[in-house]
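Proteins get letters first, then strands, A, B, ... in listed order; numbering begins at 1 in each.
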Protein chains: 2
Amino acid sequence: MSMPAFLRDRAEAAAPVAQMIPTDEVFSAIGVSMSFSAGEEIYAQDDESDMVYQVQRGAVRASRLLGDGRRQIAGFYYAGDLFGLEAGPTHRASAEALCDSKILVTKRSSLKHYGEAGERLERLIWRATGQELGRAQDHMMLLARKSAYERVAGFLADVAKRQGSAWNELAMSRQDIADHLGLTIETVSRMVTQLQADGLVALEGCRRFRVAAPVRLADLVAA
Amino acid sequence: MSMPAFLRDRAEAAAPVAQMIPTDEVFSAIGVSMSFSAGEEIYAQDDESDMVYQVQRGAVRASRLLGDGRRQIAGFYYAGDLFGLEAGPTHRASAEALCDSKILVTKRSSLKHYGEAGERLERLIWRATGQELGRAQDHMMLLARKSAYERVAGFLADVAKRQGSAWNELAMSRQDIADHLGLTIETVSRMVTQLQADGLVALEGCRRFRVAAPVRLADLVAA
DNA sequence: CGACTGCTTGAGAGTACTCAAGTACTGTGG
DNA sequence: CCACAGTACTTGAGTACTCTCAAGCAGTCG
């Protein structure tokens, strides 16, 4: 089964009672699949926000722009993840594909016409919103109280956990990482170099890494 | 009508169809009211999280502690606000009363036994969760990309907007503000002094202030 | 009135930023 | 297959902003 672990967990939690349909099947039964090429915008900041999205294949970043050009990446989303969940009349962030991606889209207000499948998806959406809020709180702690070194360590640990394999690919640029962590691109680069020098991670090229000291890395992130 | 604006908006959005019951009435019909004195803990970090809370009177802070004592205040909640919404098996934050407060509490999983009122409250909870996520994204932007001066300005503007009166009370200490904004208490103090010197706000004592230049303050916050 | 707690102010240190140069990938054309 | 251009990433030097440590000042409660 090719369904990633984090997706399976989410689906299980949503429907602990027997004969469940996997998350992506519920969504694909209702949503429309769209293709986006690398860098393409999926929705814009201040767009109307009655849509919900799920990454089918590829990776997505949700970014928020300030008037003077300062940028913040609210989060990265991978296959199976729901996004565009922030409420309000309009989206607070825009979303762009990091690489060529397939995205499922559905209109939130029309879910009620889809009977049980619609209800199930609605529950999945709310559950995902709650989890997203929890993750946002973790990220606020990281931004508010952690050093650059800890932030980059935390980010790499997070990517590694999500991908769950020995070698992990970074779908995003250093600039994206910097804007996610509230740092500059130079500082991110320096911290990656430092983490490597300290033997916590090993790089292969600049978009591929391996966690070399899982325990020490976990300690650093938890601290 | 003494219901604050932000609460009215929320209730209207949740039940645009005629004969609605105000948020606090829906909650008080189901929830149990509890009293907490200043500083008292409402729930602890890592407590089981099947409860939802609403501030009836007073003010609450949600805080998150790191192993080494670093603290982050995820948010402040005032009369009418729902809190404890972050998902997961346990709360990601603890909540404490900032002053003597009355708090409504209800068990999330038991809402289904309350018929229509339970459903309505459930919808309010989900809506509040979405809004909370939006606010969390705003706050991440503030933490990641704004200067100390802008952060404190943003915080005071936010408090003023919520209270909606000429003079505003700060229910929380400088330490709480610092931990919310990812700064030190000294820096918060310096920035407040600076904002005052620049004529953006006027202080009366250290817990009471007035916005002196609303437009300039708004510009600074938006920028 | 004095002690306590919370807030403000000051001086010096440190972390992350800015600006600038250099290096490594990636893709394109010869 | 290699040379070149363009982009992305890394490294370096100096600066600036916020933190740390320390002292002084208010507001509050006995």
Counting neighbours of CD on Glu48(B) that are heavy atoms of other residues, nucleotides or ligands and sit closer than 6.0 Å, is the number greater than 12? no
Taking only the side-chain nitrogens and oxygens of Arg174(A), find out if one of them lies under 4.0 Å from OP1 or OP2 of dT10(D). yes
State, with a plain yes or no, whether a side-chain heavy atom of Arg61(B) is found less than 4.5 Å away from one of His180(B). no
Measure from CD on Gln175(B) to P on dT20(D) and round the result to the nearest Å. 11 Å
Each nucleotide N or O in nucleotides 26-28 of chain C that has a protein N or O under 3.5 Å away: list the pair and distance.
none

Using a 4.0 Å cut-off on heavy atoms, which residues in residues 63-72 of chain A reach DNA chain C? List them by number, or say none. none
Per Ser189(A) side chain, nearest of listed nucleotides dC9(D), dT18(D), dT8(C): dC9(D)
Could Glu86(B) and Arg64(B) be called an ion pair, given the rule that one side-chain N must be under 4.0 Å from one carboxylate O? no
Counting just side-chain N and O atoms, does Thr193(A) come under 4.0 Å of either OP1 or OP2 of dT11(D)? yes
Of Phe27(B), Tyr78(B), Tyr77(B), which meets ring pair (Phe, Tyr, Trp, His ring centres under 6.0 Å) against Phe83(B)? Tyr77(B)
To the nearest angstrom, how far is Gln196(B) atom CD from dT8(C) atom C1'? 11 Å
Verify the contact: side-chain N or O of Thr187(B) to OP1 or OP2 of dC19(D), cut-off strictly under 4.0 Å; return yes or no. yes
Walk me through whether Tyr43(B) and Tyr53(B) qualify under ring-ring contact (aromatic ring centres under 6.0 Å, His included). CA-CA 10 Å; Tyr43(B) 59 80; Tyr53(B) 306 80; 4.9 Å; yes
Would Ser63(B) and Glu96(B) satisfy side-chain hydrogen bond (donor to acceptor under 3.5 Å, both in side chains), going step by step from the backbone distance to the final call? CA-CA 8 Å; Ser63(B) 50; Glu96(B) 298 95 30; 3.0 Å; yes
Nearest to the Glu186(A) side chain among dC19(C), dC7(C), dC17(C), which nucleotide is it? dC19(C)
In terms of the nearest nucleotide of DNA chain D, which residue is placed more toward the 5' end: Val188(A) or Arg145(A)? Val188(A)
Checking dT9(C), dC7(C), dT18(C) against the side chain of Thr184(A) (C-beta onward), the nearest is dT18(C)
Using five base pairs at each end to define the local axes, how bent is the helix from dC1(C)-dG30(D) to dG30(C)-dC1(D), to the nearest 10°? 30°
When we call it a touch if two heavy atoms are under 4.0 Å apart, what does Arg207(B) touch: a base, just sugar-phosphate, or nothing? sugar-phosphate
